Every structure is written in structure tokens, then in C-alpha cells.
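Along the sequence shown, residues carry numbers from 1. Reckoned from all heavy atoms, side chains included, excluding hydrogens, waters and symmetry mates. Counting starts at 1 for both ligands and their atoms, in listed order. None of these values were measured; they are calculated from a predicted model.
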Amino acid sequence: MYKAPNIRSGAGIVRELKHLPGRVAVMTMDIPWAVMQEQCPWQPDHVHMVADMDLETVERLEAALPQCDVVVGLGGGSCCDTAKYIAWKRGCRMVLVPSIVSVDAPLTNMIAVRVDKTVNYVGDIFPEELLIDHDLIQRAPAELNRAGACDIASIHTALHDWKLAHENNGEPYDAAIAILATDCLNELDRNAEEVYKVTPKGIDTIIELYRREVKFCTEFGSSRPEEGAEHIVAYNIEHLTRRHFVHGDLVGFGIHAISMLQNNRAAWATDLIRRCGLRYDVPDASRDELRQALTSLKEFKAQAGLFYSVVDAGVIDREYVESVMAGLPESPSR
Ligand SMILES: [Zn+2]
């Protein structure tokens, strides 16, 4: 069942960790831990450096970690997810301190673990205590913090696909939730410049919009309101290249490409992701890889057994692919 998080944000709020009662175990990584120590030297009972999110790794950690009263996740998605895994298994108190806002892991109840290199979701624990330290988050690379806007901006293309699946396929649709989602998209639009500049307002906007999104998706029972064919594009790039990317880079490209396929205010959508600073030309992929990911969308969707979307209904031909590519920023860095 959904539990609302208590979110406290501000500059230097990370200092509150020192006052946690009982035995404290921190799940972190080198960089966020070093930044934390600069701002606020602190020696908790246990500090664990997170290596990866393989299911085996977290299972082993949970078995070996000494008893604790509070588990703290201090860092990016893997640190938050490792803390969530420990707290879920042990039923202990959990405090999450994201050092970056690139993914929604600090707000969701699911834990992303890897089994044979593919992401699986386990667990069910809604984070109830969050500390959002602006100083700490502003120390992370700006482009990674901006990437957090991707799973809010994806509402634009996801809502279109959701409605299409309802009209063509009779999938359940909830107009009231679609309105809540549209409100989030508009809120992102109004704050795009703050997000781009990674100001305190920009950071709080991303966290607040994630909070609202997790709430309505949980109440609806799926991520349909924020996950559409733009994510199929993202998954296909990873599938084709077998490489790992910044999620926001992939979804940014997906929103650009899919809003065109949907004939859905494409110029506005591309402008929104550009204003938020999403790198929608995927700097870590070649133009040919991007072309191939679009050309093979229908095949990939069928093979992977993914949800109904404009990928099923639309016409994906050479002309479409080239128009998407022509809309990417010029002079790519490769
Ligand atoms: Zn996503």
C-alpha cells in the first residue's frame, strides 16, 4: 500500500543524520561519502561501499551486515536501492539521502536488482524519510541531475500511448489520473530553467514531481501514465548495443522520436527536453545505432512482448527515421 514520504529539503540538511538514534548502517559509494565527510564529518556504526546491484551481491550483504536500527542510503540509485533492500528484508527504519536526482529510486517502492545482467524488480517498501540536501546534490554532474527530468517529461508521450491503447485495445484508462499527470508535465514546463540550472527549486521540483508520479502510478496500478513508447526506444537502444547508458539520455531521444511518430506537439516536446537539458542525441551512441533502434522498433516490441503503443499503430519508414535524425542537434561530439 502507498505510503507518503516525509521529505525535508535544504542546504546542509544532511547534518541531521548525525542525530539518528541507535546503530546506523550507511549504504554509499566513494564520491558521495567523501562529499558528505567534507560537509559534515560523521562516523556511523557501519559504512558499506555499494559495488553493484546484482541480486547475489545484495543477498550476501544482507546476510553479513551486522544488526542495525537504521539503514541510510546515501548516494545515487544503487545506494538508495541497496538501503531499500536491507530495510525491506529486516523491517528496520530507513532514511534516504539522494546525492543526485537522476532516477526515481528514492521515491519508489520497488528495488531494481540485476539477475544475469537484466534488471528485475523485487521488494515492496515505500521510502518514508527523505533528506534532500541541495549542497550535496549540486556537487554531482549537472547533466546527471538534469537527466532526472526524463521520467516526468515522458508523461507527454506516455499519455498519448495510454489513450491509444484504451481506444484501440480497450485497456483501462483513468481520465482523472491523466489530468494529474498532465499537471506534473506542466509543472516541469514552468520550471524547466530551474531544472537546467540545478537550482534548489529545480531539485525540489524533480523530487516533488517524482513523489506525485509514484503516488498516482501506484494508485492506478501501473506506470502507464508515465511510461510509453519513448521507453521502448530506450530499451531497444540498450538491447541492440548491449551497453549501459544514462537513462535520461535514452528517454530524451525517445520522447523526441515518439512525439513525432504520434504527431503529438513534437516541436514543443523536443523544446521541453532541450530546455531541461536532456541530451536527446544520446552522446554515448552513434547515429547509426540510433537509426537502427528506430528502424527495428516494431520487431523489438513484438519480440520483447511489450505494451501496446504508437509503435504498433504508427508507420515507421525511412522517411520517418530520417526526419527524427534531422531534428537532432547539429555537430554531435563524435
Ligand atoms: Zn524511465
Worksheet entry | Min side-chain heavy-atom separation Arg93-Asp69 under 4.5 Å |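 Counting from C-beta outward, Arg93 and Asp69 never come under 4.5 Å.
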
Discussion item. If the cut-off is 2.8 Å, does any N/O/S atom of Cys150 fall short of it from the Zn ion (ligand 1)?
Written reply: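 So Cys150 does not bind the Zn ion (ligand 1) by this criterion.
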
Worksheet item: Within the stated cut-off of 2.8 Å, is an N/O/S atom of Glu227 closer than that to the Zn ion (ligand 1)?
Response: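 Coordinating: no.
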
Worksheet entry | Cation-pi check, Arg146 onto Tyr196 ring (under 6.0 Å, within 45° of axis) |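 Checked: cation-pi criterion met.
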
Discussion item. Can you check the angle at the Zn ion (ligand 1) formed by OD2 of Asp151 and NE2 of His231? Round it to the nearest 10°.
Written reply: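 With the Zn ion (ligand 1) as the vertex, OD2 (Asp151) and NE2 (His231) sit 140° apart.
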
Item to complete: Please work out whether the ring planes of Phe126 and Tyr2 are parallel, tilted or perpendicular, with thresholds of 30° and 60°.
Response: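 Answer is perpendicular, since the angle exceeds 60°.
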
Worksheet item: Looking at Ile206, Ile7, Val97, which hits side-chain contact (heavy atoms from CB on, under 4.5 Å) with Ile132?
Response: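 It is Ile7, the one option of Ile206, Ile7, Val97 that forms the side-chain contact (heavy atoms from CB on, under 4.5 Å) with Ile132.
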
